[in-house]
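Numbering starts at 1 and runs along the sequence shown.
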Amino acid sequence: MAITLRTVAALGPKAVVWDDAVKGFGARRQTSDAVTYVLKYRASGRQRFYTIGRHGSPWTPDTARREARRLLGLVAAGKDPALPLSDGLALRTVIDTYLDVAKERQRPRSYLETERHLRVAWKPLHDMPIADIARRNVASRLAELSGVTVIRARAALSACFVWAIREGLAEANPVTGTNRPPEPTSRSRVLSDVELAVIWRACGDDDYGRIVRLLMLTGQRRDEVGAMTWGEIAGDVWTIPGSRTKNHREHTLSLTAQALALLPEQREGRELVFGAGAGPFSGWSQCKARLDARALKMLRKEDPEAELAGWRLHDLRRTAATVMADRLGVLPHIVEAVLNHVSGHRAGVAGVYNRAAYRAEIGRALEAWGAHVAGIVGAKADE
């Protein structure tokens with residue numbers, strides 16, 4: 001379709017539309033309200049993305065289309081539109097182009113993290129020409145960040161500059177030589193019974209609430225539950241394909257009656273169990289914040305001074321493993337089997353031949369854990 005003012009206004013978040021009149025000319029909307037005009041072309045045997053500019057004066061569909069035609073004329077003459085401008089090329093433009101490439105190469109969750117760090121953490125440097133960004137600029141910004149963000153933001157910017165160097169858009173990587181932040185120590189947060197109970201009760205009767213309760217009952221990873229499909233479930237057996245597990249090994253476990261009761265009705269024409277639209281469940285951060293607010297409100301009904309210590313969804317997995325091993329008497333290799341960890345107990349030929357036995361043991365371990373959860377939240381184990 002032809003890109004018009006009406007097309008631009010109707011463009012949804014993270015959507016792109018390509019123009020019929022000028023090949024490679026497009027308009028895209030990122031997570032913000034801004035729409036950017038872009039040009040996709042090939043130069044030196046590689047696909048390139050060039051950001052023309054954001055919608056608004058002087059860029060309209062017509063003026064951006066004329067600019068796209070001019071740039072394609074340079075390409076036809078054997079010139080790369082990006083290269084003559086590289087000395088004054090702003091970091092924002094390089095990031096926009098790099099993210100177009102990263103989106104094709106990275107997994108969706110990794111891409112979202114890369115995008116967030118480059119657009120948010122490095123926003124103070126966005127208007128600087130990349131040739132002017134020095135090590136001191138990067139080090140100064142890193143000093144303003146904290147926690148794991150420092151590590152991830154540094155890695156994202158470094159990867160961006162490595163790509164820019166290979167594309168001929170930068171001569172050096174200013175991240176090189178900056179102090180590498182220490183990796184955070186492994187978390188060891190195990191939730192108390194009181195915390196588990198209040199989190200369970202604070203869960204709403206919606207997709208997120210069901211996911212959190214399933215994470216608690218199964219001990220599986222966030223994205224394994226959030227992207228669950230109906231095709232993976234046969235009766236009370238859930239088989240997670242290797243393409244969706246961290247260790248790329250297929251994982252089969254029995255779902256307790258409690259867990260099965262949390263599955264919603266299948267929506268017509270939708271294979272994914274949770275979420276809406278084309279992809280799996282999304283909106284994790286906002287839903288987690290609302291859950292924490294409800295949980296804290298419940299705690300303060302009994303104690304106005306109560307606080308809910310910081311916790312992550314992954315802590316539910318660690319808590320399940322810890323309680324099964326320390327309080328319910330589940331053997332270590334069975335706990336590992338529940339979590340789909342592979343160690344000396346489960347590696348090699350012995351692990352292959354013991355899969356059936358492990359499956360039965362996994363079922364018994366999850367039944368015991370489910371009964372424990374039911375006891376602390378005041379629900380029946382088969383509800």
Side-chain angles (χ1 to χ4, degrees), residues 1-43 46-77 79-85 88-120 122-123 126-127 160 163 167 169 267-272 275-283 285-286:
M1 66 174 67
I3 296 177
T4 64
L5 289 173
R6 180 175 295 178
T7 305
V8 171
L11 201 59
K14 295 187 178 180
V16 60
V17 62
W18 299 104
D19 191 63
D20 289 339
V22 178
K23 185 178 180 180
F25 171 57
R28 68 180 182 187
R29 188 188 298 276
Q30 296 289 352
T31 53
S32 65
D33 290 335
V35 171
T36 304
Y37 296 108
V38 297
L39 179 66
K40 179 171 65 174
Y41 62 96
R42 294 191 69 83
R46 294 183 179 183
Q47 181 169 277
R48 307 273 199 176
F49 289 88
Y50 183 90
T51 300
I52 296 173
R54 291 191 175 190
H55 176 69
S57 181
W59 300 117
T60 66
D62 290 337
T63 59
R65 187 180 291 107
R66 285 196 293 271
E67 177 65 5
R69 287 196 179 99
R70 185 187 73 80
L71 295 171
L72 288 174
L74 295 175
V75 174
K79 298 179 180 179
D80 188 339
L83 297 184
L85 302 175
L89 202 61
L91 178 61
R92 175 186 286 108
T93 303
V94 175
I95 287 174
D96 286 342
T97 310
Y98 169 69
L99 287 174
D100 284 327
V101 176
K103 192 170 187 178
E104 299 297 322
R105 297 177 179 177
Q106 297 179 358
R107 292 185 176 184
R109 186 178 177 189
S110 298
Y111 170 77
L112 290 175
E113 287 294 306
T114 298
E115 181 186 36
R116 178 169 63 86
H117 290 306
L118 290 176
R119 294 198 186 283
V120 178
W122 296 108
K123 187 174 182 180
H126 279 183
D127 293 328
C160 180
W163 171 85
E167 294 292 310
L169 302 178
R267 294 154 186 151
E268 186 176 354
R270 182 170 174 79
E271 178 62 12
L272 289 158
F281 182 83
S282 60
S285 298
Q286 301 94 319

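- Shown here for G12 and R29, the closest heavy-atom pair between the two residues is O-CB, 3.5 Å.
- In this structure the side chain of H55 never reaches within 4.5 angstrom of the side chain of T36, judged on heavy atoms.
- For R116, the salt bridge (Lys or Arg N to Asp or Glu O under 4.0 Å) test picks out E113, with sequence neighbours left out.
- Between T4 and P61, the shortest heavy-atom contact is C-CG, 3.7 Å.
- To the nearest 0.5 angstrom, K103 atom NZ is 7.5 Å from E115 atom CD.
- Taking the side chain to side chain contact (heavy atoms under 4.5 Å, CB included) definition, one finds that Q47 meets it with K40, R42, F49, sequence neighbours left out.
- At a threshold of 4.5 Å between non-hydrogen side-chain atoms, the residues L39 and V75 do not count as touching.
- Listed for the T63 side chain is a donor-acceptor partner under 3.5 Å among the backbone atoms of P58.
- One distance of note links CD of E104 with CG of L99; it measures 12.0 Å at 0.5 Å rounding.
- Side chains of H126 and L118 form no contact here, defined as non-hydrogen atoms less than 4.5 Å apart.
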Intermediate values then yes/no, side-chain contact (heavy atoms from CB on, under 4.5 Å), F25 and V17: CA-CA 9 Å; F25 171 57; V17 62; over 6 Å; no
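- For R65, the salt bridge (Lys or Arg N to Asp or Glu O under 4.0 Å) test picks out D19, D62, with sequence neighbours left out.
- Counting only heavy atoms from C-beta outward, the side chains of Y50 and T97 never approach each other to under 4.5 Å.
- Aromatic rings from W163 and Y98 are positioned such that their centres are separated by under 6.0 Å.
- Counting all heavy atoms, side chain and backbone alike, A2 lies closest to D20 at N-OD2, 4.0 Å.
- The two residues I3 and Y37 have their closest heavy-atom pair at CG2-CE2, 4.3 Å.
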Stepwise side-chain contact (heavy atoms from CB on, under 4.5 Å) test for R6 and L11: CA-CA 9 Å; R6 180 175 295 178; L11 201 59; over 6 Å; no
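- Across all their heavy atoms, W122 and L91 have their closest contact at O-CD2, 4.4 Å.
- By the salt bridge (Lys or Arg N to Asp or Glu O under 4.0 Å) test, R70 is found to be paired with E67, residues two or more places apart in sequence or in another chain being considered.
- Here the side chains of D96 and R28 are in contact, with some heavy-atom distance below 4.5 Å.
- Under the salt bridge (Lys or Arg N to Asp or Glu O under 4.0 Å) criterion, R270 pairs with no residue, sequence neighbours left out.
- With respect to D100 and R105, no salt bridge is recorded, no charged nitrogen being found less than 4.0 Å from a carboxylate O.
- Nearest heavy-atom pair across V35 and A27 is CG1-CB, 4.0 Å.
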Determine, stepwise, if the pair L71 / Y41 fulfils side-chain contact (heavy atoms from CB on, under 4.5 Å). CA-CA 9 Å; L71 295 171; Y41 62 96; over 6 Å; no
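- Every residue two or more places apart in sequence or in another chain was checked for a side-chain hydrogen bond (donor to acceptor under 3.5 Å, both in side chains) with R69, and none qualifies.
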